[in-house]
Number of protein chains: 2
Amino acid sequence: MSPRPAPDLDSRRDQVLRAARAVAESDGWSAVTMRRLAGELGVTQPVLYSAFAGRQALIDAVALRGFGDLAAALEAVDAAPLPRMRAYLDFAAAHPRVYEAMFSMPLGLPFAADDTPEPLRQAFSALHDAFPDADGTRAEVVWSALHGLATLDAGGRLRPAHTQARLDLAHRLLTEQETS
Amino acid sequence: MSPRPAPDLDSRRDQVLRAARAVAESDGWSAVTMRRLAGELGVTQPVLYSAFAGRQALIDAVALRGFGDLAAALEAVDAAPLPRMRAYLDFAAAHPRVYEAMFSMPLGLPFAADDTPEPLRQAFSALHDAFPDADGTRAEVVWSALHGLATLDAGGRLRPAHTQARLDLAHRLLTEQETS
DNA sequence: GACGTTATCTAACGATGCTAGCCTCTGTCC
DNA sequence: GGACAGAGGCTAGCATCGTTAGATAACGTC
């Protein structure tokens, strides 16, 4: 085996995180066990605990990186309603398990509190930029609608053939004038 | 112990289901273990398997009853947008763990397929009645928005003080004229 | 009163997250 | 050049989970 090459905590954390993401995307989060990840990386379970405090901390890390990726995906397109909506839904569809970790699994991350991690704040800002208003209520509603579309679609709750029609309708409704 | 009183499978299923719902609402789904439920009911674990094929089937049953309750809650109010939106969000807020089982946990239930269980169809119809359109796309978008609002709010992702403002804005946006 | 049926309990299996303790290797200092 | 300290990894194990097989005891019937 590896004699004693390079611990390098950061790169190890990255390896574990990538392995977790890969297993989750292919076989679901229930398959993401510490033993499976250890086997995938060619080490034993206890080694993983030097990178993450536990399974929950690992999932939190995957989710946090997911928020960073989502923010990047949103910022990569024009700060207009339709492009950002499409980017959001594309991200959720492309990485359903990561999206699940971000929103549908119990996390230890704070959200609307003052100590909200930066990637979360950044992702929300990217939405707010495309749907500006005074206090962010509009962005929250937009976010909710997108999240609902993404989640229900991914869960097979909506008719798959109508994905585009739903996006078009949602776009039209959400960009109506706010005539108080 | 009970000598051989009354098996009565239906009532036992009901007992187990209620216990599961109660434990889930108080301590979360991770606390809903077969041993915990058995202890709660004064029986042993294997007895539960005479009522449900396994833990997953039990969760499915809780979710299915939840859809029935949601449909009833929606039908109990006027078939108008705002009352039904409020009823939906109230249900999700009142039974967060049941709602979680219905939408955020892996279920074995079919959804948009032809064999969709009746309670699901009924709940969706109650939304469609309040947001009628030709092919149901509008109702799906409304449903998505409500689901997003309910989920993100329950998960602490949104500012708690603005719940009412979000509902008002969502209502205004979703009831705009559909000028094609 | 004896019997078969049936519901129940006891006990166990495999798998999980996580941890304690030993062992091996690396790098350093004399 | 060689011994030592320390860091990192591995083996083995604990408690808990879902689930199941086999033994046990109570009921209704004849």
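These figures come from a predicted structure and were not determined experimentally.
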Residue from A:L58, A:V47, A:V62 passing side chain to side chain contact (heavy atoms under 4.5 Å, CB included) with A:V16: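 The option that passes is A:L58.
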Find the distance [X]:[atom1] to [N]:[atom2] and express it as a whole number of Å.
{"X": "A:I59", "N": "C:dG17", "atom1": "CD1", "atom2": "P", "answer": "9 Å"}
{"X": "A:L48", "N": "D:dC10", "atom1": "CG", "atom2": "C1'", "answer": "13 Å"}
{"X": "B:M34", "N": "D:dT20", "atom1": "CE", "atom2": "C1'", "answer": "12 Å"}
{"X": "B:Y49", "N": "C:dC13", "atom1": "OH", "atom2": "C1'", "answer": "13 Å"}
{"X": "A:W29", "N": "C:dT16", "atom1": "CH2", "atom2": "P", "answer": "16 Å"}
{"X": "A:L41", "N": "D:dG9", "atom1": "CG", "atom2": "P", "answer": "12 Å"}
{"X": "B:F52", "N": "D:dG18", "atom1": "CZ", "atom2": "C1'", "answer": "16 Å"}
{"X": "B:Q45", "N": "C:dC9", "atom1": "CD", "atom2": "P", "answer": "10 Å"}

Just call it for A:T33: base, sugar-phosphate, or nothing, with non-hydrogen atoms closer than 4.0 Å on any strand.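 Here A:T33 touches the backbone only, sparing every base.
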Mapping A:S30 and A:P46 to their closest nucleotides on DNA chain C, which lands nearer the 5' end? A:S30
Testing the 3.5 Å rule here: is there a donor-acceptor pair between the side chains of A:D133 and A:H128? yes
To the nearest 0.5 Å, what is the distance between CG (B:L149) and OG1 (B:T163)?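 Between atom CG of B:L149 and atom OG1 of B:T163 there are 9.0 Å.
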Among [options], the nucleotide that comes nearest once only the side chain of [X] is considered:
{"X": "B:R55", "options": "C:dC18, D:dG18, C:dC9", "answer": "D:dG18"}
{"X": "B:R35", "options": "C:dC9, D:dA12, C:dA12", "answer": "C:dA12"}
{"X": "A:R12", "options": "D:dC17, C:dA7, D:dG9", "answer": "D:dG9"}
{"X": "B:V43", "options": "C:dC9, D:dG18, C:dT16", "answer": "C:dC9"}
{"X": "B:T44", "options": "D:dC10, C:dT10, D:dG9", "answer": "C:dT10"}

Ring pair (Phe, Tyr, Trp, His ring centres under 6.0 Å) partner of B:H147, chosen from B:F91, B:Y99, B:F124: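 Testing B:H147 for a ring pair (Phe, Tyr, Trp, His ring centres under 6.0 Å) against B:F91, B:Y99, B:F124 leaves exactly one candidate, B:Y99.
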Taking the inter-plane angle between the rings of B:W143 and B:F103 on a 0 to 90° scale, is it parallel (under 30°), tilted (30 to 60°) or perpendicular (over 60°)? perpendicular
